[in-house]
Amino acid sequence: MQDTVIVIGSNGQIGTELVNELRNIYGDGQVIACDIRRPDYDIKNAGPFEFVNVLEKDILKNIFQKYKPTQVYLLAALLSATGEQNPQLAWDLNMNGLLNVLELARGFKTPKVYWPSSIAVFGPNSPKDHTPQACVMDPNTVYGISKLAGERWCEYYVQKYGLDVRSIRYPGLISWKAAPGGGTTDYAIHIFHDALKKGSYQSFLSGDTELPMMYMDDAIRGTIELMDAPSEKITIRSSYNLTGMSFTPETLAEEIRRHIPDFKLGYTDYDQRQAIASSWPRSIDDGNARMDWAWKPEFDIAKMTVDMINNLKR
Ligand code: NAD
């Protein structure tokens, strides 16, 4: 059977790149990009696009009816920093968007569903270094609370209804194609743009704030590898820990100076994103993903920095 794939939230930082890669695999016409916003990239020209608000269940149902997807990727969400500015909307979108998709996937017997969680599920009392798959989880942002609840719902649908839902707890994702969507790790993208444009950057996180990160190429490859893995290999049905690297703004600035020797890093006044970052892990143990479906990142900080600078220069 030919796969038909729906990506909801297709125009964001991840969707822009995921849609392209899925279209390379399944064919342009087989991957339906869906978003509440008009696509401003080449998504629309390459294949089908539908305006969809994931909170409007009837419209979403029509999309399931029309395309009968074999895979659904749900990426629409409010991210950590934006979520704190509008907690009610973040809860509504992140929770009810997921429940709408899970219910429709159950009703339409969709073979596979993908939904991303985040390292934001961890909190101040989670271990900070090599944070394990299972440990104390006490997120203190609405984003983290919604992701932790979402993970429980995903596992519930797997166990109660046999729906094949798969998930990854992404760390901060670094990419050059589309702008980041309002997360706490966005500094690690802005820093490259400003380094090339101005030769300096004002970080909203302190120089020693270490966070887990991943280059987008690894994130897209990991997502597709997880979705392709045989079902019996998937032992984690909440969401897999996954990481590529960990660094601080200072370490990243050092790496950038290898290419732009005069680059200067400064700091803004205290920003609420510092409190969010301080509640998150410094590094992640992704042993389960390595064991279950042979996860292995390809980009470290040096390789990522070269790729970011080369692409942004172009
Ligand atoms: P983004 O903000 O860049 O993109 C989200 C997209 O969803 C946008 O194009 C937006 O227009 C769309 N959207 C918003 N409300 C919608 C609605 N009601 N109906 C349909 N579409 C709607 O986000 P992203 O960075 O691409 O993240 C995608 C997913 O990955 C999210 O679940 C996010 O929590 C998760 N994640 C991202 C990162 C990261 O670093 N980017 C890290 C961890 C987890």
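Counting begins at 1 with the first residue of the sequence. In what follows, every heavy atom counts, from backbone to side chain, and hydrogens, waters and symmetry copies are set aside.
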Exercise. Evaluate the criterion side chain to side chain donor-acceptor pair (under 3.5 Å) for residue pair Ser80 and Thr184; output intermediate values, then yes/no.
Key: CA-CA 6 Å; Ser80 57; Thr184 301; 2.8 Å; yes
Practice problem: Say whether Gln133 and Tyr240, considering side chains only, have a donor N or O and an acceptor N or O under 3.5 Å apart. | Solution: no
Quiz item: Between the side chains of Thr248 and Asp208, is a donor N or O closer than 3.5 angstrom to an acceptor N or O?
Solution: no
Practice problem: Flag the pair Lys112 and Asp164 as a salt bridge only when some basic side-chain nitrogen lies within less than 4.0 angstrom of an acidic carboxylate oxygen. | Solution: no
Self-check item: Glu50 CD to Lys66 NZ distance, which is reported to the nearest 0.5 Å
Solution: 3.5 Å
Practice problem: State, without any angle test, whether Glu255 and Thr305 hold a side-chain donor-acceptor pair at a distance under 3.5 Å. | Solution: no
Practice problem: Just do the side chain to side chain donor-acceptor pair (under 3.5 Å) check on Arg314 and Asn311 with the steps written out, would you? | Solution: CA-CA 5 Å; Arg314 276 199 286 122; Asn311 279 300; 2.3 Å; yes
Quiz prompt | Distance-only polar pair, side chains of Gln274 and Thr209, donor-acceptor under 3.5 Å | solution = yes
Exercise. May I ask you to decide if Leu226's main-chain N or O and Lys233's side chain share a donor-acceptor pair within less than 3.5 Å?
Key: no
Self-check item: Heavy atoms from other residues, nucleotides or ligands near NZ of Lys198 exceed 12 (cutoff 6.0 Å)
Solution: no
Practice problem: Return yes if some donor-acceptor pair links the side-chain N/O of Gln13 with the main-chain N/O of Ala179 below 3.5 Å, else return no. | Solution: no
Quiz item: Atom CD1 in Ile256, atom CG in Asp262: separation rounded to 0.5 Å?
Solution: 13.5 Å
Exercise. Search all heavy atoms of Met214 against all heavy atoms of Pro171 and return the closest pair with its distance.
Key: CB-CG, 3.7 Å
Exercise. Begin from the C-alpha positions of Asn96 and Asp92 and carry the test side chain to side chain donor-acceptor pair (under 3.5 Å) through to its verdict.
Key: CA-CA 5 Å; Asn96 292 321; Asp92 188 27; 2.6 Å; yes
Practice problem: In plain terms, say whether Lys61 and Asp58 are close enough for a salt bridge, that is, a side-chain N and a carboxylate O under 4.0 Å apart. | Solution: no
Quiz item: Quick one: does Arg166's side chain have a donor or acceptor within less than 3.5 Å of a partner on Ile234's backbone?
Solution: no
